[in-house]
2 protein chains.
Amino acid sequence: MSVADEIRSKGKRMTVQRRLVLDALQRARHHTTAEEIARQVRSRHPQIDPSTVYRNLEALEGLGFVTHTHLDDRVTRWHRADVERHGHLVCRRCGSEQEIPLRTLEPLGRRLRAEQGFRADLAHSAIVGICRECAP
Amino acid sequence: MSVADEIRSKGKRMTVQRRLVLDALQRARHHTTAEEIARQVRSRHPQIDPSTVYRNLEALEGLGFVTHTHLDDRVTRWHRADVERHGHLVCRRCGSEQEIPLRTLEPLGRRLRAEQGFRADLAHSAIVGICRECAP
DNA sequence: CAGGTTATCGCAAGTTGTCGCAATAGTGAC
DNA sequence: GTCACTATTGCGACAACTTGCGATAACCTG
């Protein structure tokens, strides 16, 4: 079943705009911003409003095709839901972002579940700090 | 040495506006938003511009008096730097926020340091997930 | 405590993201 | 294909910050 069919099977529609947002996410490796996607889409289709891009990202998240993460700034980062899940280390100083295997975070996940009854979504939780290169 | 003196010793100035922002942070227990502080300050001193509040929060952070954390939304949360440090669990569903002792997070901190050379600032890293009450 | 330096302020304009609404256009049914 | 239904769009207005700039007022110095 194609993505379009999946979308339709949930009572939603596959529009040109939605297709373009999905394509842009496909091209971007990970963690694009909505603004970047809007820029790409609008470079070829200037009549498409940025608000449409924002709304499509939300809609596609509701449908399970994309997810978002908040790194250490106010900007929401988006990526396809089917890429391998991983944790995020964000450097406060240089802003670089590093991915780490979820395996590293799992012990904490188990502990939070056991002690607090909290089901942590560690693939969407950015850990801030100072990276190796920036360490004094 | 008073806060004012500390500020002056770093070549900065203690202005009325800065004092008011510090006071508002003092009153708020934790994790206020800039908007909330601006509202408080402006309720008594309407001539103070919101941009002044934003800039003072940044300046005070640079001076080490306050810090900020990004919970799971786009809003920056501010609090005094001298409150007891703790980690944050944020529920994706109900938005509630729970504090946990840093001790719980320390094993992960040590591991990231050893394996990645990354110095995690776990008191400013929010972990998102589903809280006990919202769990299915 | 007067004067010069310059951090900080208030204002206005610019960004970035959100929302209500009327018009449009995918979809399934016939 | 055609039609009715309604999800989605573009637009304009708004909300939440951010930034540039000339004016102001802390602060240090003598």
Side-chain angles (χ1 to χ4, degrees), chain A residues 1-24 32-63 65-66 68-78, chain B residues 1-24 31-63 65-66 68-78 95:
Chain A
M1 187 150 82
S2 75
V3 174
D5 288 339
E6 265 190 82
I7 288 179
R8 277 189 282 269
S9 74
K10 291 173 182 167
K12 305 294 178 186
R13 296 172 185 174
M14 176 54 93
T15 63
V16 182
Q17 293 85 342
R18 191 158 287 170
R19 171 95 270 151
L20 288 167
V21 170
L22 275 169
D23 288 350
T32 331
T33 64
E35 204 199 344
E36 172 60 27
I37 293 175
R39 191 161 38 239
Q40 277 193 33
V41 169
R42 282 163 64 79
S43 71
R44 290 171 176 280
H45 304 266
Q47 77 284 9
I48 293 177
D49 195 81
S51 70
T52 298
V53 173
Y54 286 101
R55 285 191 280 217
N56 267 313
L57 286 168
E58 268 184 50
L60 289 168
E61 180 167 50
L63 293 167
F65 292 109
V66 310
H68 75 265
T69 305
H70 290 277
L71 301 185
D72 192 40
D73 49 18
R74 303 195 323 109
V75 182
T76 307
R77 315 282 169 145
W78 299 87
Chain B
M1 186 150 83
S2 73
V3 174
D5 288 339
E6 266 189 81
I7 288 179
R8 276 189 282 270
S9 74
K10 290 174 183 166
K12 306 295 177 183
R13 296 169 184 176
M14 177 54 93
T15 62
V16 181
Q17 294 83 343
R18 191 158 287 172
R19 171 95 270 152
L20 288 167
V21 170
L22 275 170
D23 289 350
H31 307 317
T32 331
T33 63
E35 204 201 342
E36 172 59 28
I37 293 175
R39 189 160 41 236
Q40 276 194 34
V41 169
R42 283 163 63 78
S43 71
R44 290 170 176 280
H45 304 266
Q47 78 283 10
I48 293 177
D49 195 82
S51 70
T52 298
V53 174
Y54 286 101
R55 284 191 279 219
N56 266 313
L57 286 169
E58 270 183 48
L60 289 169
E61 179 166 51
L63 292 167
F65 292 109
V66 310
H68 76 264
T69 305
H70 289 277
L71 302 185
D72 191 40
D73 49 19
R74 302 196 322 112
V75 181
T76 306
R77 314 281 171 146
W78 299 87

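In this text, all values refer to a predicted model and were calculated from it rather than measured experimentally.
Note that NE2 of A:His68 is 9.0 Å distant from CD of A:Glu58, once rounded to the nearest 0.5 Å. The distance from atom CZ of A:Arg77 to atom OG1 of A:Thr69, rounded to the nearest 0.5 Å, is 9.5 Å. Taking CZ of B:Arg74 as the reference point, atom OG1 of A:Thr76 lies at 6.0 Å (rounded to 0.5 Å).
A:Arg18 contributes a side-chain N or O that, together with a main-chain N or O of A:Arg13, makes up a donor-acceptor pair within less than 3.5 Å.
Residue B:Ile48 contributes atom CD1, which lies 14 Å from atom C1' of D:dT24 at whole-angstrom precision. At whole-Å resolution of the value, CG in A:Leu60 and P in D:dA7 are 16 Å apart. If you measure from atom CD of B:Gln47 to atom P of D:dA25, you get 11 Å, rounded to the nearest angstrom. Between the P atom of D:dT8 and the CG atom of A:Leu22 lies a distance of 12 Å, rounded to the nearest Å. If you take OH of B:Tyr54 and C1' of D:dC17, they are 5 Å apart, rounded to a whole angstrom. Rounded to whole Å, atom P of D:dT18 lies 14 Å from atom CD of A:Glu35. Atom P of nucleotide D:dA16 and atom CG of B:Asp73 are separated by 13 Å, given to the nearest angstrom. In this entry the distance linking CG of A:Asn56 with P of D:dA7 reads 15 Å, nearest Å.
Of the listed nucleotides (C:dC21, D:dT18, C:dG17), C:dC21 has the atom at the smallest distance from the side chain of A:Arg55.
Contact check for B:Asp23 versus B:Arg19: side-chain heavy atoms found under the 4.5 Å cut-off.
Using a 3.5 Å distance cut-off with no hydrogens or angles, the side chains of A:Arg55 and A:Ser51 do pair a donor with an acceptor.
Counting any heavy atom pair closer than 4.0 Å across all strands shown, A:Arg18 reaches sugar-phosphate atoms only and no base atom.
Summary of helix geometry: the two end axes of the helix from C:dC1-D:dG30 to C:dC30-D:dG1, each defined by five base pairs via their C1' atoms, are inclined to each other by 40° (rounded to 10°).
Minimum interatomic distance between A:Val75 and A:His70 (heavy atoms only, all atoms of both residues): O-ND1, 4.3 Å.
Nearer to the 5' terminus of DNA chain C, by closest-nucleotide assignment, is the contact made by B:Asp49 (compared with the other of B:Arg74 and B:Asp49).
Each of B:Ile48, B:Asp49, B:Thr52 was scored for a side-chain contact (heavy atoms from CB on, under 4.5 Å) with B:Val41, with one residue passing: B:Ile48.
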Distances under 3.5 Å between protein N/O atoms and the N/O atoms of nucleotides 27-29 of chain D, please, pair by pair.
from: D:dC27; atom 1: OP1; to: B:Arg8; atom 2: NH1; distance (Å): 2.8
from: D:dC27; atom 1: OP1; to: B:Met14; atom 2: N; distance (Å): 2.7
from: D:dC27; atom 1: OP2; to: B:Arg8; atom 2: NH1; distance (Å): 3.1

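The cationic atom of B:Lys10 (NZ for Lys, CZ for Arg) lies less than 6.0 Å from the six-membered ring centre of B:Phe65 and within 45° of the ring axis.
Checked by distance alone, A:Arg19 brings no side-chain donor or acceptor within 3.5 Å of a matching partner on the base of C:dG26.
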